[in-house]
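The structure appears below as structure tokens.
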Protein chains: 2
Amino acid sequence: MDLRHLRYFIAVAEEENIGRAAARLHISQPPLTRQIQQLEEELGVRLFTRTPKGMELTQAGELFLEEARNIRAVVEQATERTQRAGQGKLGRLDVAIFGSGILGTIPRLLLAFRNDYPEVKTVLHTMTKAEQIEALRQRRITVGFNRMLAPLPDLATELVATEPLLLAVNENHPLARERHVSFRMLAEHPMVLFPTGARPNFIDKVMRLCEEAGFVPKVSQEVGDAVTGVALVAGGFGICLVPESVTVLTLPGVVFRPLQDASSNAHIDLSCLYRADDQSPILSAFLETVRAFRSAHISGKAAGMRSETGWDAGI
Amino acid sequence: MDLRHLRYFIAVAEEENIGRAAARLHISQPPLTRQIQQLEEELGVRLFTRTPKGMELTQAGELFLEEARNIRAVVEQATERTQRAGQGKLGRLDVAIFGSGILGTIPRLLLAFRNDYPEVKTVLHTMTKAEQIEALRQRRITVGFNRMLAPLPDLATELVATEPLLLAVNENHPLARERHVSFRMLAEHPMVLFPTGARPNFIDKVMRLCEEAGFVPKVSQEVGDAVTGVALVAGGFGICLVPESVTVLTLPGVVFRPLQDASSNAHIDLSCLYRADDQSPILSAFLETVRAFRSAHISGKAAGMRSETGWDAGI
DNA sequence: TTGAAACGATACCTTGAAGGTATTGATGGC
DNA sequence: GCCATCAATACCTTCAAGGTATCGTTTCAA
């Protein structure tokens, strides 16, 4: 049995006349007659009673008509769903984020993606950079978010956003009195650094910036993530350099200060990481959204745009 | 798209290798390659990623695999159900019964039919004989039950059972004292007759029997059905001749007496009526059950058989 | 490094079944 | 009794599914 048989059967059942059904199907009458005979023979069931007026469904034919229509609908749905999946509009995207990645940019990006592709289920996994790389290679995730990356042969990156660094400082700290802090003012102040884990990471960036400003930072504490870092600032452990997006996190006693001489160096990239050989349309769609997000965000920041996600209001 | 494409796709998806899949399908590798390409092209979706190791499903392919398996199952079910319908094992049978037909034989027959064909839904309609004929001609019912029939050109009958006639009499009536009543003893006793409606009917049979016994019955009352007739006997309206199956109906004050000289004439047939041109397998199945029921009932009465329906115990 | 094996893709041929034309057979209306 | 209207049949054509041979890649082992 073939889908053609079903199409023909439905036409004959609806027209109750082989000639008319053949016309509707744009074929001539004899082949249609044969196809129906063939279908009946294959099923071993008489689907029509032939009358001089035309073709009349038997009870079994009546049932088969329902079934045939149902099969057609199921097939149609299947192709449509598969096509949507092939266009990256339907499916699942496994995304890895790092500890404090839930703050700021990433949720906004994911929300924008969900807006564009509502039928793609995004599943979040919290992973360190090393875990992300491993998971990408094992295909357990499709994209990972990261701040500092050494180029890897089999993985590619796409820049998501560039954020200036801010100083997180306790309100009782001398530097809290300054409206703008210059980089060299940080010397001698004990500093909380993060994250621990695989290099290169954010720590290396901070170290290099301090070095360029002509001093070596006094390390107060190394912690796993930005949230813990800011918490230690609240506790008076010292100062801490953080990406701007961390400012959505308000802890009592912590204030954020811009770095007066923040050059383009004093910025940190947020990128997403994916398999270079991954052809998945959902990944392509996601990367497309990332690019759109990036340009909208850059121009939008200047023009006050991109409020449709409902996030900008609170930031 | 064809069901063949689905079959091929499933094989390739399961084997993850076109060569092995082709072997499983008993075709050679190149046509299978082409069929898969064709399917992908038609859907406009890449279902597999070709690796040097074989064929690996994409996410869309993964989805389509589920869909394809589902379609196959749906098609399989559809053919199976249609085949059962074609064998009269699945469907619906519209049956007409007359007023007091719910008593005795008919329910037992219908139960036997349900036992044999549990997936055929029998729908009961209460109709007079004239209504049954009309409904048969309009195909609103498939079989009707009746007691007396004039032969009709387009309708055929099948004998269901032959029942002796009994006398229903009030316990205070003089005839109630007799253990066996002979036919001519009925003369002069007012008699309740049924049913009213289209001739020939049960009344004609009773009249002829009386005539043969040499008297004309004194009609006390004509009523619509046996139940009403027996009810009037309970109320003292007179005596009433009824088919044996009516004895399942026990009303206070009514006793039933066999007719001593009950010849083969003093029997009444119960037949079922159907369209002579009806080829429906459900009707054939039903008539087959009727025949089996009839012979089992005749021999079973003697041998005490046919208790599997659970009815015999109470009768 | 090279050769063999395994994989899918391509080229080209064969065949079977779907589709077309012409016609037949049967039934009902005028 | 003739014609119109069905479906069915006979016979031919064509197109696509299937077969054989071969190619281009990649991987693995000698």
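Note on naming: letters A, B, ... go to the chains in the order of the sequence lines (proteins, then strands), and numbering restarts at 1 for each one. Keep in mind that this is a model prediction, so the values were computed, not measured.
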| query | When the distance from CG of B:D2 to P of D:dC15 is rounded to whole Å, what number comes out? | reply | 18 Å

| message | Classify the ring geometry of A:F145 against A:F286: parallel below 30°, tilted from 30° to 60°, perpendicular beyond 60°. | response | perpendicular

| Using a cut-off of 4.0 Å on non-hydrogen atoms, how would the nucleic acid contact of A:H5 be classed: base, sugar-phosphate, or nothing? | nothing

| note | Whole-Å distance, A:N17 CG to D:dA4 P, equals 17 Å

| field | Lys/Arg-Asp/Glu bridge criterion (N-O < 4.0 Å) met for A:R50, A:E40 | value | yes

| Protein-nucleotide distance (B:Q29, atom CD; D:dA17, atom C1'), rounded to Å | 15 Å

| query | Are any of B:Q38's side-chain N or O atoms less than 4.0 Å away from OP1 or OP2 of D:dA17? | reply | yes

| said: Of the listed nucleotides (D:dT27, C:dA9, C:dG19), which one gets closest to any side-chain atom of A:I27? | reply: C:dG19

| said: Do the side chains of A:K53 and A:E16 get close enough for a salt bridge, i.e. N-O under 4.0 angstrom? | reply: no

| Comparing A:P31 and A:P52 on DNA chain C - which has the more 5′ nearest nucleotide | A:P31

| message | Using the side-chain heavy atoms of A:P30, tell me which of these nucleotides is nearest: D:dA17, D:dG18, D:dT9. | response | D:dT9

| field | Nucleotide nearest A:R20 (side chain, heavy atoms from C-beta), chosen from D:dA8, D:dC6, D:dG18 | value | D:dC6

| Could you state the CD-C1' distance from B:E56 to C:dC7, rounded to the nearest angstrom? | 14 Å

| task | Let me know the distance between CD of A:E15 and C1' of D:dT5, rounded to the nearest Å. | result | 16 Å

| With a non-hydrogen cut-off below 4.0 angstrom, is A:F48 in contact with a base, only sugar-phosphate, or nothing? | nothing

| task | To the nearest Å, give me how far apart OH (B:Y8) and P (D:dG18) are. | result | 3 Å

| request: Output yes when at least one side-chain N/O atom of B:Q35 is less than 4.0 Å from OP1 or OP2 of D:dA17, else no. | output: yes

| Among D:dA8, D:dG19, C:dT10, the nucleotide that comes nearest once only the side chain of A:Q37 is considered | D:dA8

| message | So, does B:R34 get its side chain near the phosphate of D:dG18, meaning an N or O under 4.0 Å from OP1 or OP2? | response | no

| Would you call B:R81 and B:E119 a salt bridge, taking side-chain N to carboxylate O under 4.0 Å as the test? | no

| field | Integer-rounded Å distance: C:dG19 P and A:L32 CG | value | 9 Å

| query | Nearest-Å distance, CD1 (B:I18) to P (C:dG8)? | reply | 5 Å

| message | Please check this pair: side chain of B:R72 against backbone of B:R7, looking for a donor-acceptor N/O pair closer than 3.5 Å. | response | no

| note | Out of C:dG8, D:dA8, C:dA18, minimum distance to the side chain of A:R4 belongs to C:dA18

